[in-house]
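Hydrogens, waters and symmetry mates are skipped; everything else that's a heavy atom, side chains included, is used. One-based numbering, in listed order, for ligands and for the atoms of each. The first residue in the sequence is number 1, and the count goes up from there.
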Amino acid sequence: MIVAMQEQASEEQIRQVMERLIALGFEVHRSTGAVQTVLGAVGARPEFDVRDIEVLAGVGEVHRISSPYKLVARSFRPEGTVVKFANGVSIGGNEIVIMAGPCSVESKDQIFSVAESVSRAGAKVLRGGAFKPRSSPYSFQGMGEDALKLMRQAGDKFGLLVISEVMEISQIPLMLPYVDIFQVGARNMQNFNLLRELGKERKPVLLKRGIAATIEELLLSAEYLMAGGNYEIILCERGIRTFETYTRNTMDISAIPIVKKLSHLPMLADPSHGTGRRDKVSPMGRAAIAAGADGLLVEVHNSPDQAQSDGAQSLYPEQFEKLMGELRLIAPAVGRKLA
Ligand code: PEP
Ligand code: MN
């Protein structure tokens with residue numbers, strides 16, 4: 001249930017409404033916007049009568065939400081969530097944010113070289129896998145903590161935030177000092193224990209859509225994170241598995257406007273995993289921004305032919321620079337900015 005307080009509601013009235021909701025057995029999440037306060041009440045009993053809340057002083061509107069997710073729903077924060085970082089970068093605001101880097105961190109030279117190129121081209125976040133979810137146990141599994149250290153150094157040197165994938169609960173404390181954003185990969189979108197633990201952290205999480213997940217399942221997974229009190233969630237479309245074989249996955253561009261309508265959370269797109277082929281990455285990246293994505297997650301490698309993972313879908317630095325130039329033309333056409 002969403003309780004939108006009147007614009008002129010006093011702090012005392014808001015407190016009384018919250019107390020009443022808690023007494024009725026709800027878990028209450030408060031969101032204070034520039035103009036009004038919205039209360040998200042989770043745990044409604046089916047027999048609950050919304051009029052009991054509607055009649056309280058200071059209450060504007062009460063909506064019983066029929067969708068299974070509540071905190072993630074657009075109505076909880078109609079103005080949209082903007083995830084802000086100390087260095088001034090915001091995700092979900094007017095500006096498009098591009099995250100770029102290799103699939104896996106492989107060496108100091110590699111990550112520093114890629115960080116320098118993507119930073120020069122205008123990326124704001126350095127991506128790179130330290131723990132890799134590989135289909136085969138014999139494939140490169142990632143450099144672990146050494147990779148995180150290198151990413152942090154490269155990020156700091158070239159003015160980039162750092163995002164890396166967390167695969168299990170035990171990696172959370174290890175990663176905390178190194179990353180600015182936790183990435184939850186497609187394979188872990190429904191690892192509910194991991195989501196619950198990340199919900200307790202106060203660090204942004206980028207949650208990727210599962211390989212065969214519906215949009216509603218993606219939003220429900222985000223609800224796990226928000227229900228723990230972590231409101232800084234960024235969603236990401238990365239392609240879903242279909243019967244098509246010309247691409248690695250089928251990139252569901254329509255998920256972008258659908259999620260933007262259903263949820264207040266920022267929505268990014270990953271055209272690298274979405275297509276699996278280097279020559280398809282830029283067209284789908286352009287399409288995603290045109291469709292309203294708040295940014296992209298793109299794989300870039302200084303020497304893709306030598307990459308330990310996902311070389312075929314990694315852009316050469318020059319290709320990435322060209323894509324950034326194209327996005328700078330597209331962004332204003334859809335009312336956005338790209339610095
Ligand atoms: C990745 O970003 O490198 C990755 C493994 O992505 P996904 O979880 O979307 O497959
Ligand atoms: Mn990859």
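The atom of Glu299 that is an N, O or S and sits closest to the Mn ion (ligand 2) is OE2. When distances from the Mn ion (ligand 2) to the N, O or S atoms of His273 are compared, NE2 comes out shortest. For Asp310, the N, O or S atom closest to the Mn ion (ligand 2) goes by the atom name OD2.
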Q.
As a quick check of understanding, evaluate side chain to side chain contact (heavy atoms under 4.5 Å, CB included) for Gln110 and His301, giving each step before the final call.
A. CA-CA 8 Å; Gln110 175 237 22; His301 198 291; 3.3 Å; yes
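For Arg152, the side-chain hydrogen bond (donor to acceptor under 3.5 Å, both in side chains) partners are Asp156, Asp180, not counting sequence neighbours.
Annotation: His29 is not in aromatic contact with Phe76 [ring centroid separation under 6.0 Å not met].
Looking only at distances, a side-chain donor or acceptor of Asn230 sits under 3.5 Å from a matching main-chain atom of Glu201. Using a distance-only test at 3.5 Å, with no hydrogens or angles considered, a donor-acceptor pair links the side chain of Gln36 to the main chain of Met5.
With respect to Glu19 and Arg15, a salt bridge is recorded, a charged nitrogen being found less than 4.0 Å from a carboxylate O.
Residues Glu95 and Val89 form no side-chain contact, since every pair of their non-hydrogen atoms from C-beta on lies 4.5 Å or further apart.
Using a 4.0 Å heavy-atom criterion, the residues that approach ligand 1 are Cys103, Arg127, Lys132, Pro133, Glu165, Gln183, Gly185, Ala186, Arg187, Lys208, Arg238, His273, Glu299.
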